[in-house]
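Worksheet for the structure shown next.
Just so you know, ligand 1 is whichever comes first in the structure, and atom 1 is the first atom listed for that ligand.
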Amino acid sequence: MLENKNGMIFGVANKRSIAWACAEACAEQGARLAFTYQGERLKENVEKLTADLQSAVVVPCDVTNQQEVDTAFETVGREFGKLDFLIHSIAFAPKEALEGEFLTTSRDAFRTALEISAFSLTQLAFAAAPLMKDGGSIVTMSYYGSEKVVQNYNVMGVAKAALESSVRYLAADLGKQNIRVNAISAGPINTLSARGVKNMGAMLKHIAEKSPLQRNVEAREVGNTALFLVSDLSSAITGETIYVDCGYNIMGI
Ligand code: NDP
């Protein structure tokens with residue numbers, strides 16, 4: 001499905017990362033992939049994980065460092081010649097902002113969360129578009145806390161609301177270049193980042209009890225939806241937020 005397609009994946013920290021589930025799904029369908037990592041401590045992890053993939057490219061990229069972003073895209077442009085898809089699977093908020101009341105969010109925490117978790121999508125789309133010479137697909141990861149209040153999710157919910165809105169504005173701007181932009185709103189999954197949200201265990205249990213499918217979503221199910229969104233099967237879908245949450249979001253009382 002993705003033979004002769006090149007993709008760039010942001011946000012692999014380890015094998016539990018949603019980004020890694022996306023990478024596995026895309027690699028199985030023949031995509032050639034480039035991975036970015038944030039900071040030297042993750043370099044070895046990402047290199048080990050990707051060692052078995054055919055001709056994967058691994059480059060450093062902390063999205064708060066514009067020079068690193070520029071260099072990452074230069075390297076990928078040189079190695080691949082063109083880019084067909086980009087998967088943005090990164091987010092961050094200081095730990096103290098992910099517990100207690102949203103009301104106490106500091107200016108610094110707000111700025112950091114919004115910059116890394118929301119602005120970075122626009123930053124990466126701007127850098128990727130010139131490489132998407134035959135059109136392309138950009139996919140990001142969101143969460144239900146963007147539209148409803150989820151205890152402890154706090155400023156990350158506000159960042160995800162900005163992210164989902166960015167998806168719509170970017171889709172409008174990039175449509176004329178046949179570049180599609182979509183978000184996946186994933187149900188909670190036990191990853192490194194998720195552990196930063198207080199009471200994650202209780203949240204997983206609640207979803208398993210209340211969602212129509214009566215279970216939690218698996219990372220691979222999110223990966224498969226990302227595969228659909230970066231493939232030509234979704235060629236008329238852009239600007240959307242697609243729920244992959246075992247149906248939790250449709251439930252009222
Ligand atoms: P992971 O911790 O595995 O992935 C998060 C990634 O973001 C890490 O690779 C992290 O690197 C990276 N990151 C953080 N700050 C930066 C930065 N400044 N520059 C570049 N990369 C950075 O967790 P998930 O796989 O769970 O998260 C992936 C995405 O999915 C996030 O957007 C998250 O909000 C979203 N999501 C997660 C859900 C869940 O329940 N797990 C549910 C719905 C959405 P590092 O480790 O170095 O910080």
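- Ranking the protein heavy atoms by distance from atom 44 (C) of ligand 1 puts Ser142 O, 3.0 Å first.
- Using a 4.0 Å cut-off between charged side-chain N and carboxylate O, Asp134 and Lys5 make no salt bridge.
- From the protein, the heavy atom lying nearest to atom 31 (C) of ligand 1 is Ala91 CB, 3.6 Å.
- Summary of contacts: the protein heavy atom closest to atom 21 (N) of ligand 1 is Ile90 CG2, 3.6 Å.
- A heavy-atom distance below 4.5 Å is found between the side chains of Phe80 and Val57.
- Ligand-side atoms of ligand 1 in range of Ser17: 1 (P), 3 (O), 25 (O), range being under 4.0 angstrom from any heavy atom.
- Distances from atom 18 (N) of ligand 1 to the heavy atoms of Asp62, Val244, Leu42 put Asp62 nearest.
- If you check the side chains of Asp108 and Ser106, you find no donor sitting under 3.5 Å from an acceptor.
- Less than 4.0 angstrom separates some heavy atom of Val12 from each of these atoms of ligand 1: 9 (O).
- The nearest protein atom to atom 19 (N) of ligand 1, hydrogens excluded, is given as Val63 N, 3.0 Å; this is a heavy-atom distance.
- Within ligand 1, the atoms closer than 4.0 Å to a non-hydrogen atom of Ser193 are 1 (P), 2 (O), 4 (O), 5 (C), 23 (O), numbered from 1 in the order shown.
- If you check which protein heavy atom lies closest to atom 15 (N) of ligand 1, you get Ile116 CG2, 3.6 Å.
- Protein heavy atom at the shortest distance from atom 4 (O) of ligand 1 is Gly11 O, 3.5 Å.
- Of all protein heavy atoms, the one lying nearest to atom 26 (O) of ligand 1 is Thr191 OG1, 2.5 Å.
- Closest non-hydrogen pair, Pro60 versus Ala72, comes out as O-CB, 4.0 Å.
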Report the C-alpha separation of Glu209 and Lys205 in whole Å, then their side-chain angles, then the decisive distance to 0.1 Å, and conclude whether the salt bridge (Lys or Arg N to Asp or Glu O under 4.0 Å) test is met. CA-CA 6 Å; Glu209 283 165 4; Lys205 190 164 171 279; 3.4 Å; yes
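- The closest heavy-atom contact to atom 32 (O) of ligand 1, among the options Met200, His88, Gln38, Lys160, comes from Lys160.
- Of the candidates Ile18, Val217, Ile9, the one placing a heavy atom closest to atom 38 (C) of ligand 1 is Ile18.
- In the vicinity of Cys61, heavy-atom distances shorter than 4.0 Å reach the ligand 1 atoms 19 (N), 20 (C).
- For the ligand labelled ligand 1, residue Gly39 lies outside the 4.0 Å heavy-atom shell.
- Using a cut-off of 4.0 Å between Lys/Arg side-chain N and Asp/Glu carboxylate O, Glu164 and Lys160 are scored as not salt-bridged.
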